[in-house]
Amino acid sequence: MKLKKLAAAGLAAVMCVTAVGCGGNGGTGDKKEENTQKTQEKESGDNTDSEDLVINYVSARGETDAALKTLKKIAEMYKEDHPGFEFNVESIADRATYLQKIKILASSNELPDWFDADPEAFFEGICKKGIIYSIDDLYDELGLKDKFFDIALDYPKLSDGSNYLMTWQGNVEYFWYHTEMFEDAGITETPKTLTELLEACEKLKAAGYTPISAGNYDMIMRYPAFKAFRMAGNEFIDNARMGKEKFDSEVGIATAEYTQQISQYFSEGWTNSDATAQMDLFLNKGAAMLYTGTWDTPDLVDENKELKDDISTFKLPIDSDKDATTENDYYANCGIGTAVLKDSMTPAMKDFIKFVWDNFADMAMYEFDMLPSMMPSDPDKLPELTQQILKDLENCGTFAQCWDVRLDPSTNEVYRKELANLGMGESTPEEFCQRMDEAVAQYAPDYFDVE
């Protein structure tokens with residue numbers, strides 16, 4: 001990892017972003033003094049009762065996010081018996097603004113005690129500096145590891161298999177569809193293969209329906225991976241992101257061709273739409289299908305937490321009997337995770353984190369309707385749909401990796417742009433793959449060891 005280049009990128013962000021401050025974290029000297037004090041307390045063996053704990057948390061979650069609301073309520077509970085405890089949260093829901101701020105703080109050695117991150121290239125560079133506490137070690141120390149779904153331990157892993165992120169959610173991704181539209185279009189069974197998915201889209205279009213509501217780019221960026229994941233598992237993107245395999249290859253061309261085929265069935269204006277418009281179009285029956293994850297379940301269920309009338313689901317179809325993956329392998333994830341600074345990991349911090357996980361699953365599930373990253377205590381009393389989602393989460397074999405997380409940030413920007421060109425027919429699959437390979441060759445060496 002070329003950390004000097006990463007630091008330079010962070011400093012460049014400082015010059016470009018003048019409106020983003022450093023919150024309540026203080027200056028570099030204040031932060032170093034605070035961390036030194038915490039380290040001395042940790043080494044002196046101070047018990048958790050005599051040590052006040054102040055956590056500064058910069059979060060990528062909005063104020064209405066269920067995970068954040070759960071954490072805040074648990075923090076209030078903890079404070080009742082720990083009067084010296086404070087849980088200070090700065091919420092920056094706009095992801096681009098959030099990432100800019102984290103890069104600024106990282107470049108000036110002012111990262112907060114907690115901050116959110118995906119297991120992507122920039123965060124991996126921060127971890128290689130040795131300043132983030134190992135969550136694998138933390139879970140072992142607190143005796144928590146066996147309580148989590150496997151995906152909560154596997155999803156946040158970095159390239160070397162290490163884990164530096166606590167994950168709060170459990171999500172499965174589905175195609176959600178209007179059963180009446182399918183019936184009206186003569187579709188008697190849900191698509192079992194990617195080819196059948198295209199055939200269903202054509203039938204829906206012929207019946208006068210918009211086949212797929214699209215607009216959320218996080219979801220649109222899944223479509224190129226559908227074919228590649230079925231043909232080669234996650235191995236393709238793991239290698240192609242570092243130039244060890246070409247996008248301009250059999251798998252890469254095939255997945256670009258499929259993307260161009262299915263994008264002709266997206267809703268009009270998808271390149272300039274967003275997640276809210278995508279959901280509204282589907283709920284108002286302006287499109288037959290919606291591909292999204294279970295974080296959107298509250299919009300898709302009724303007051304009894306069951307699917308609204310005329311809505312059903314199916315998982316990612318297979319491609320063929322030669323697939324590298326099976327029908328039990330699909331997109332499932334845990335959302336953005338949370339890192340903890342190594343210097344902030346005092347005995348008091350561990351005590352609070354243990355308290356969080358002792359209460360998180362049930363509170364998230366039963367009070368805030370969020371699927372947590374570990375099984376709640378009484379799942380049999382949950383609505384049928386929720387039980388099915390938890391079952392799918394628990395039984396997921398190999399989860400498909402998100403390309404926008406695996407690619408380095410600069411190549412990811414090219415990916416987003418070229419995906420729009422490909423989907424709109426303004427470039428060919430071959431041109432798409434060539435441009436992706438050019439981006440990897442230019443940018444990947446700044447983030448990965450690509451020798």
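Everything numeric here is computed off the predicted structure, so don't read it as measured data. Numbering starts at 1 and runs along the sequence shown.
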Nearest heavy-atom neighbours spanning [X] and [Y]:
{"X": "P119", "Y": "P156", "value": "CB-O, 3.4 Å"}
{"X": "Y443", "Y": "D408", "value": "CB-OD1, 3.5 Å"}
{"X": "A339", "Y": "I132", "value": "CB-CG2, 3.9 Å"}

For D136, which residues count as a salt bridge (Lys or Arg N to Asp or Glu O under 4.0 Å) partner, sequence neighbours excluded?
-> K145
Over 12 non-hydrogen atoms of neighbours within 6.0 angstrom of CD in E431 | yes
So, using ring-ring contact (aromatic ring centres under 6.0 Å, His included) as the criterion, who are the partners of [X] when residues are at least two apart?
{"X": "Y164", "answer": "none"}
{"X": "Y415", "answer": "W403"}
{"X": "Y174", "answer": "W176"}

Carboxylate-amine/guanidinium proximity below 4.0 Å for D154 and K157 | yes
Note: E141-K350 ion pair, threshold 4.0 Å (strictly below) = yes
Output, in order, the C-alpha distance, side-chain angles, deciding distance and verdict of salt bridge (charged side-chain N to carboxylate O under 4.0 Å, His left out) for D238 and R406.
-> CA-CA 7 Å; D238 283 343; R406 302 301 288 162; 3.1 Å; yes
May I ask you to check whether E173 and Y330 show a side-chain donor-acceptor distance below 3.5 Å?
-> no
Does one side chain, of Q278 or D274, offer a donor that lies under 3.5 Å from an acceptor on the other?
-> no
Tell me, which pairs form a salt bridge (charged side-chain N to carboxylate O under 4.0 Å, His left out) where one or both residues lie in residues 68-81, sequence neighbours left out?
-> E63-K72, K73-E367, K79-E86
What pairs with P372 under side-chain contact (heavy atoms from CB on, under 4.5 Å), at least two apart in sequence or on another chain?
-> F360, A361, A364, M365, P376
Geometric cation-pi criterion R222 and Y331, 6.0 Å radius, 45° cone | yes
